[in-house]
Protein chains: 2
Amino acid sequence: MSDFDAASFLDRLGLRATRPRLRIARILFADRQDRHVTAEWLADELARQQHPVALATVYNTLHALTEAGALREVRGASPGTIVFDTHTGPHHHFYDETTGELTDIPADAITLQDLPQAPDGKTISGCDIVIRLR
Amino acid sequence: MSDFDAASFLDRLGLRATRPRLRIARILFADRQDRHVTAEWLADELARQQHPVALATVYNTLHALTEAGALREVRGASPGTIVFDTHTGPHHHFYDETTGELTDIPADAITLQDLPQAPDGKTISGCDIVIRLR
DNA sequence: ATACCTGCAAAGTCTTTGCAATCAA
DNA sequence: TTGATTGCAAAGACTTTGCAGGTAT
């Protein structure tokens, strides 16, 4: 299978290795590196694996992982739904309007020129590009 | 005040000139050209002007105006809230994470190079860039 | 006349919160 | 032990829907 050590993974993030978190970490980080999940999908997946976790706990964990820097919230896609991305580095997304699916676009696949100045005393904290597909 | 003719404005869009729509059209299109409104703000504004309109009707009208091409929904900003933009042409946004405020960025202020190909049989239907400010 | 529109309230979707019971360290 | 975490259910924020009554053309 995988030699992913969920316990030390959580440890390194400063998160307690509880049972739900171990299971969630394995689902999210064991194999693929570019997952885009919603809380609901994750809760369903856990249930499918015969290890149901309360939806509230799923949200707690996703937010904890986000604060710890292991996940990133994607804005601008599925309206009304938070999508969590296991790829935390700079990159952008295709959003398929038909299926709701997100696909990564490497950051260097898009060149931004003449990025405008941030107004007054503000700092640019991030830049999301979503290319919608139909 | 303004010489904005809400009745013919709606007419041109193929929308019936009902009382709520006339009021909404005036608020949105009479003066400024770059408004970003939420349904709730608009309902509050109508109430403030002593012409309350049911929230459901506000949503109906905003969606009708969007389908008619007079508004555009902005994605990727305020999570969980639909923002309607009176500026329908191509452009992008600053999103102030502190205030939730949206500001326009002219389309030509950003140059996209090497836009990636859309996958398989898909077409690019739009591109939203949101620059987050802190 | 008649199709469309409005308002109200109820229902829906997604997310967060409160709190007692449980668990990791 | 002891504070963090879980689960459940209830509450919240935002949006949509159903439908009876009203309205523009």
Between [atom2] of [N] and [atom1] of [X], the distance in whole Å:
X	N	atom1	atom2	result
B:L55	C:dA9	CG	P	13 Å
A:E73	C:dT16	CD	C1'	13 Å
A:W41	C:dT15	CH2	P	15 Å
B:D11	D:dT25	CG	P	7 Å
A:R16	C:dC23	CZ	C1'	8 Å
B:L10	D:dA24	CG	P	12 Å
A:L15	C:dC23	CG	C1'	15 Å
B:N60	D:dG18	CG	P	12 Å

Is the closest side-chain heavy-atom distance between [X] and [Y] below 4.5 Å?
X	Y	answer
A:L133	B:I124	yes
B:D85	B:H91	yes
A:I131	A:I110	yes

Candidates [options] - which lies nearest the side chain of [X]:
X	options	result
B:T18	C:dT6, D:dG7, C:dA24	C:dT6
A:R21	D:dT15, D:dT5, C:dG7	D:dT5
B:Y59	D:dG7, D:dC14, C:dG7	D:dC14
A:A17	C:dA25, D:dT15, D:dA9	C:dA25

Exercise for the section: Let me know, please, whether B:R19 or B:V83 comes out on the 5' side of the other along DNA chain D by nearest nucleotide. Expected result: B:V83
Fill in the blank from the handout: Assert: residue with more 5' nearest nucleotide on DNA chain D, out of A:V53 and B:A39, is A:V53
Problem - salt_bridge(B:D128, B:R72) N-O dist < 4.0 Å - result: yes
Exercise for the section: May I ask you to verify if any side-chain N or O of A:H63 is less than 4.0 angstrom from the OP1 or OP2 atom of C:dT16? Expected result: yes
Exercise for the section: For A:T57, report the nucleic acid contact type (base, sugar-phosphate, nothing); a contact means any heavy atom under 4.0 Å. Expected result: base
Problem - Most 5' of A:E40 and A:A56 on DNA chain C, judged by nearest nucleotide - result: A:E40
Problem - Aromatic plane relationship, A:H93 with A:H36 - under 30° parallel, 30 to 60° tilted, over 60° perpendicular - result: perpendicular
